[in-house]
Amino acid sequence: MPGLSGRMSTVVKAKISKLLDRAEDPAETLEYSYQKQIELLQNVKKGIADVVTSKKRLQLQEEKLQQQVVKLDTQARQALAAGNEELARMALERKNTVQTELQGLDTQIAQLEDQQQKLTDNEAKLRTKIEQFRSKKEVIKAQYSAAEAQVRISEAATGVGEEMADIGLAMQRATDKVESMRARADAVQELEAAGTFEDLTTLGPGEDDIDRQLRQLSSSTVVDSELAKMKAELGVGSSSPVGELGAGSEGGSAGAAPAPAPAAAEEEASGGADASEPGARQ
Amino acid sequence: MIVRISTEGQYELGDGDTDQMNELDNDAVASCESGDEARFRASFDRLLAYVREKGRPIPDSELAPSELILPPPDVSLEEAREEFSGEGLIPG
């Protein structure tokens, strides 16, 4: 069959016979093949460890990004409460970017999980096959004439060689996945390093190049709706406790109530308290 | 006839399945050459489904060479094309 399956078979068989050609007599072929199988089993174990390490790294990043989402959300709230809508918007935009990244990480962690499972299954299978090969090897050595042994050996060796080629392929695919994930993990790390706003006061509107880029990237509708929701929760712009900072307290629903903004009031209070308290006690 | 689906396992199919296998395989090749990803995917999936459905899975404790070997289920069109022209999927 010259098709896909035929071509694969030819390639595999060519590789196996190349492997077997290295040994000259049947007994040597058996030993050589067996030795290769054991080596491969070791490699598979290493491969699994590698996948697990990469998976853990991504999980760690996921945790950090989740913390960042919480932090950015808090910061957006703080910014909004302080009347700095522009900054709140930026924090939400960044949060949006981080959340998108989180979704990507989820998928990749699942993929690595899948690879890990496959390799573990493969390892178990290879172990069984090697065991099978080992007992066959002893039987062949003990029972058959040289000529017949040659045939049986090449059969057994081809069978196990095929399994080896197959697991080699599975390993390669896992490694490729891990490689591409490493690149992504590095990219995520950069995002993580960009971090949340350490100090709300240092970042004015459009001060940061990253922020501008982020703003362009993220969908502003998501941010808009989230901002609106947050405003509603905080009561900004309506009958709010921060009415003064809102967009010009329309209608003055709160009437002539004593309405100094709590944020400002707090500042004054705390600032004043420090100075006045000792005085009050004296 | 023993058929292996790479990275998955071996299946034993009856002699009566050979013609159908041949047909499905040829279709997979044709769709691969057409360069149409969706068409290749559909065709290759049909081939895999046939082997899984008609074949008897060979237990791990048996050691037998396959007559046919199929690329792994997640093979991309790009990789399948490589398989025809270049070094192939199997690592050295």
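When reading the values below, keep in mind they use all heavy atoms of this one structure, side chains included, and skip hydrogens, waters and symmetry mates. Order of the sequence lines fixes the chain letters, A, B, ..., with proteins taken first and strands second; residue numbering starts at 1 for each chain.
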message: So for atom NZ, which belongs to Lys56(A), do other residues, nucleotides or ligands contribute more than 12 heavy atoms lying within a distance under 6.0 Å?
response: no
message: Looking at Arg134(A), I want to see if its CZ is surrounded by more than 12 non-hydrogen atoms of other residues, nucleotides or ligands under 6.0 Å.
response: no
- prompt: Salt bridge or not for Arg4(B) and Glu163(A), using N-O below 4.0 Å?
  reply: yes
task: Verify, without hydrogens or angle tests, whether Gln132(A) (side chain) and Glu62(B) (backbone) share a donor-acceptor contact under 3.5 angstrom.
output: no
- prompt: Which pair of heavy atoms, one from Gly159(A) and one from Leu63(B), lies closest together, and at what distance?
  reply: C-CD1, 4.2 Å
Under 4.5 Å from any heavy atom of chain B - which part of Glu131(A): neither
message: Using every non-hydrogen atom in the two residues, find where Arg173(A) and Thr7(B) come nearest and quote the distance to one decimal.
response: CD-CG2, 4.4 Å
query: Of all heavy-atom pairs between Thr128(A) and Asp60(B), which one has the smallest distance, and what is that distance?
result: CG2-O, 3.9 Å
- prompt: Taking Lys118(A) for the side chain and Glu8(B) for the main chain, is one N or O donor matched with an acceptor at less than 3.5 Å?
  reply: no
task: With a 4.5 angstrom heavy-atom cut-off, could you sort out which part of Asp74(B) is near chain A: side chain, backbone, both or neither?
output: both
- prompt: Roughly how far, to the nearest 0.5 Å, is the OG atom of Ser6(B) from the CD1 atom of Ile167(A)?
  reply: 12.5 Å
- prompt: To the nearest 0.5 Å, what is the distance between NZ (Lys125(A)) and OG (Ser61(B))?
  reply: 12.0 Å
message: With no hydrogens and no angle check, just 3.5 Å: does a side-chain donor-acceptor pair link Ser9(A) and Glu67(B)?
response: no
